[in-house]
Amino acid sequence: MGIQKKHGKGRLDKWYKLAKEKGYRARAAFKLIQLNKKYGFLEKSKVLLDLCAAPGSWCQVAAETMPEGSLIVGVDLSPIKAIPKCITFQSDITTDKCRATIRQYLKTWKADTVLHDGAPNVGTAWVQDSFNQAELALQAMKLATEFLVEGGTFVTKVFRSKDYNSLLWVFNQLFTKVEATKPPSSRNVSAEIFVVCRGFKAPKRIDPKFLDPRSVFAELSDPTPNNEAKVFNPEVKKRKRDGYEEGNYTQFKEIPASEFIQTTDPIAILGSLNRLSFEQPPNGDVALAALDKLPETTQEIRNCCADLRVLGRKEFRNLLRWRLKVREKFGFATKKSAKAAAEEEVAEVESMDEELKIQEELQALSEKESSRKKRERRRENEKKQKEIIRMQLHMTAPTEIGLEQAGPNGEGSMFGLKTVDKSGAVDKIAKGKMAILTEADARKDQDSGFGSGDNDEESDDEQDRLDRELDSLYEQYQDRKSDADAKFRAKKARKEHEDDEWEGFSAGEHNSEDDDELAEDSSDESSDEAAPSKRSLLTNLDRNEKKTGGLSRRAAQFFDQDIFKDIGGLPGEEEFDEALEDEDEIDADLERLDSIIQPDAESESEDDIPDLAEDTDSESDADEKGFEVVKRTKEEQQWEDEAPRRDGKLDIDIITAEAMTLAQQIASGEKTTRDLIDEAFNKYAFKDRDGLPEWFLDDEKRHDKPHRPITAAGAAAIKEKLRALNARPIKKVREAKDRKKFKAAQRLEKLRKKSAMLQDEEGMTEKEKAQSIMKLMSKATKKKPQQQVKVVVARGGNRGIAGRPRGVKGKYKIVDARMKKDTVALKRAAKKKK
Ligand SMILES: C[S@@+](CC[C@H](N)C(=O)[O-])C[C@H]1O[C@@H](n2cnc3c(N)ncnc32)[C@H](O)[C@@H]1O
């Protein structure tokens, strides 16, 4: 919208004249001035976004009120002539392109204030207008939620209409203070009102309903009612039957429960719908009526059907069981019925008589019994394996294991390792990989005489299938979450690319090196004494392994620091091996450290990090992104140079208060490595993960970390470190300063040399020498005159040219006529003030 001549009666009011006088492009400027006078948001803002900014008077006001160097970005459907200190562009604020352009200009900054003074097609049809205005305001708020900083301010124009309350309600959900006001410069006849929303709550996730005009202004989505026509020709009210927007899963969805029974893909239904209904449709549903009456359809099942979104694993399992049972009753195809069908083919087809029923019940009972037995056996096996590991760690005497002295293979077979080793179990135990026996292992063990029972081959198909279905539900849930949550996606990606964390005693699958060893060992057929691998069942933990064996790369590196070598009471190599269990805890610490480390941080940032190391003379130490407390040896430095990380930087830094506390305690001798080892024996030290479902592990991971105490000194050191980090100048500024210093030093050196030469000059008197030196000095200190910048107006032949305009020498600046006019107006206004 360009500058328009105001012709209407009363339009050329005092605000219009005042705006002309002050050089504002529209009288609207005073609305913002008055709003800001009342709420004072402009002075506090450094970044501002002006939506619907043309012709640009709000931008002008913002530019003169906001602090020097603020970023002001304005956008409008109409072109905006350049405004000093503002970036403007032409775009529709309801489009993705506009959003992307704003993002480009704001870079990583967030806006302190978002203004919106949009007015679409004002004046055509009032009801429709007000709705569009409200819709536009909602769109503006959508943008604001994306770009506003927490606590930021959003100012929008709305029309007092039906939608006004709905809009206000939405604003109230997202801001702590919402006030509607009408500035004096806004005409009384105008229905416009300004809503100032302060204290943006910046919720992590905003319900899309809040930003969807369809939900917010539900009633008005019908075409504009023709009131006149209604009077003379009243119509029957019709409900909106447009259906839901595609890809919008936030709306409520339900289907009859009978459909869930009939479907071939129950998981899709459970994963995407909100409710399974038992309500009869108007034309009646026989299947639903029958389902409703079944005894299997208990109150619990009904409750589960009422809200699928809140169900847990157990409830989903119940629903799937219920479906199977009902399908069987209704005579739909099930796995069981498929099996039975083969037998029934030859048998006489009879109606289900009493005997058959009893037989079925018996079969069900025996199935139940066998699955119970299987569960018990599994539990027993797990218990046995845990006991063996405990014994292996010298935590239990062999007699405490509670196994029969004469095991299933006779007297002493329990400790006869030959048979066990056939299956590779010795090595697995020695490697600490058998915290839980998998089903396959259990079966193998039985063959070698290690398991028990006869019916292990029988599998509980239904149980397994339900487990699989639940797993796939969990996967679906994760997919949905990663679609919606960028943080979750990033976390997942990090997890996938993370290096080999030490996973505890049961994380055998990850350690390929160990597996290789295992293969080698098991290929050795010699006797127990001759084969070290077999002896390793009892002696593995005392073996002299490489220091890094069993440790993650980062954990190994952490312990490679000198700080751990210099401290008294360090254990020998063997003790180190004994302490392998510590890594769980340390790894947890490292994980936390890692979460804060920013791999992209530029190397320049290190200079200002306070170095706690005693030896501060080495510059390279300061330059490194290393473990600051410790001075690195030359070998380590060399190694570092030779084998850089993925991103070329060392990824260890003390950055949490916990780590700093620990480092201080170690450095001051308050804690020794022995203490660390002792502390590592805690309830989190062993992670038995085998066979546990992913959803459980994911949930567990959040809690199975030790809580480390922090000291005030540790917290203060981290605070100081962060403060120093924040106080650093930006790279460009520092480089410019350094360049300036360097040039000054060069000039000084030149001067020194010249004066030395003058001193040695024999044909000059002392006075002449002094005068010449003074001359040199004053010349050196004289500032070069700044080159004049020539202002070229982009009109006539200069319009739209790229590069230097013809006939212009030296520095130049191309401005448009508007800008020149603005500058002149500003100068005039400044003169008047004086
Ligand atoms: C009242 S004027 C804004 C005046 C402005 N605040 C000022 O101080 O100069 C309303 C502006 O909203 C713009 N507008 C309406 N719908 C828009 C849309 N979808 N995207 C961008 N701008 C829009 C119009 O082009 C018009 O210039």
Side-chain angles (χ1 to χ4, degrees), residues 260-261 263-273 276 296 298 300-301 304-305 308-328 332-339 363-383 385-386 433-446 451 453 455-482 492 495 503 506-509 687-702 704:
F260 171 64
I261 304 295
T263 183
T264 49
D265 189 3
I267 299 302
I269 288 183
L270 292 181
S272 59
L273 298 187
L276 300 178
E296 279 84 357
T298 57
E300 196 188 341
I301 293 290
C304 290
C305 292
L308 297 177
R309 287 288 161 99
V310 297
L311 298 191
R313 188 183 162 86
K314 197 176 140 219
E315 287 82 18
F316 278 133
R317 187 195 289 270
N318 286 345
L319 278 182
L320 290 166
R321 276 215 181 104
W322 169 66
R323 176 180 167 270
L324 285 178
K325 274 187 211 157
V326 176
R327 275 179 78 86
E328 223 172 295
F332 292 134
T334 60
K335 279 194 178 168
K336 256 188 214 168
S337 65
K339 253 190 215 171
Q363 201 188 335
L365 274 176
S366 78
E367 267 173 20
K368 229 180 185 178
E369 183 61 14
S370 81
S371 67
R372 191 186 59 81
K373 268 188 192 164
K374 202 183 154 210
R375 265 200 303 278
E376 263 172 25
R377 267 201 309 279
R378 206 186 286 165
R379 235 174 273 149
E380 222 167 278
N381 273 336
E382 282 169 12
K383 219 166 121 190
Q385 297 316 316
K386 276 186 186 154
K433 289 177 182 179
M434 288 183 57
I436 296 171
L437 269 189
T438 60
E439 255 177 73
D441 284 342
R443 256 182 254 132
K444 253 195 253 166
D445 288 341
Q446 260 179 39
N455 304 324
D456 267 6
E457 288 304 320
E458 280 175 39
S459 64
D460 190 351
D461 280 352
E462 192 184 319
Q463 186 90 15
D464 287 349
R465 202 173 50 75
L466 286 176
D467 277 345
R468 273 199 305 278
E469 283 180 357
L470 279 165
D471 284 345
S472 82
L473 262 180
Y474 185 62
E475 263 171 37
Q476 273 182 26
Y477 159 76
Q478 278 189 317
D479 286 348
R480 269 207 311 271
K481 199 162 177 208
S482 72
K492 210 168 144 192
K495 213 162 108 191
E503 302 250 271
S506 54
E509 297 73 30
K687 293 178 185 170
D688 292 331
R689 289 170 169 168
D690 281 358
L692 292 175
E694 211 182 324
W695 60 266
F696 177 78
L697 287 174
D698 283 352
D699 190 49
E700 197 68 3
K701 227 185 261 170
R702 290 190 283 154
D704 67 348

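In this chain, numbering begins with 1 at the start of the sequence shown.
Residues meeting the salt bridge (Lys or Arg N to Asp or Glu O under 4.0 Å) test with Glu700, sequence neighbours left out: none. Scanning for salt bridge (Lys or Arg N to Asp or Glu O under 4.0 Å) contacts around Asp467 gives Arg313, Arg317, with sequence neighbours left out.
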Audit row: Leu466, Arg321, side chain to side chain contact (heavy atoms under 4.5 Å, CB included) steps and yes/no: CA-CA 8 Å; Leu466 286 176; Arg321 276 215 181 104; 3.9 Å; yes

Working for side chain to side chain contact (heavy atoms under 4.5 Å, CB included), residues Leu470 and Trp695: CA-CA 9 Å; Leu470 279 165; Trp695 60 266; 5.6 Å; no

Trace of the side chain to side chain contact (heavy atoms under 4.5 Å, CB included) decision for Trp322 with Ile261: CA-CA 9 Å; Trp322 169 66; Ile261 304 295; 4.0 Å; yes

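Checking side-chain atoms of Thr263 against main-chain N and O of Phe260 turns up no donor-acceptor pair under 3.5 Å.
Between Glu469 and Ile267, the closest heavy-atom pair is CB-CD1, 3.4 Å. Shown here for Leu692 and Leu697, the closest heavy-atom pair between the two residues is O-CD1, 3.8 Å.
The number of heavy atoms from other shown groups lying within 6.0 Å of CD (Glu300) does not exceed 12.
A distance of 7.0 Å separates CG of Leu320 from CG of Leu473, quoted to the nearest 0.5 Å. For the atom pair Leu276 CG and Leu308 CG, the distance stands at 4.5 Å (nearest 0.5 Å). How far CD of Gln478 is from OG of Ser482: 8.0 Å, rounded to the nearest 0.5 Å.
Checking Lys373, Arg372, Lys374, Arg378 one by one against Glu376, the salt bridge (Lys or Arg N to Asp or Glu O under 4.0 Å) holds for a single residue, Arg372.
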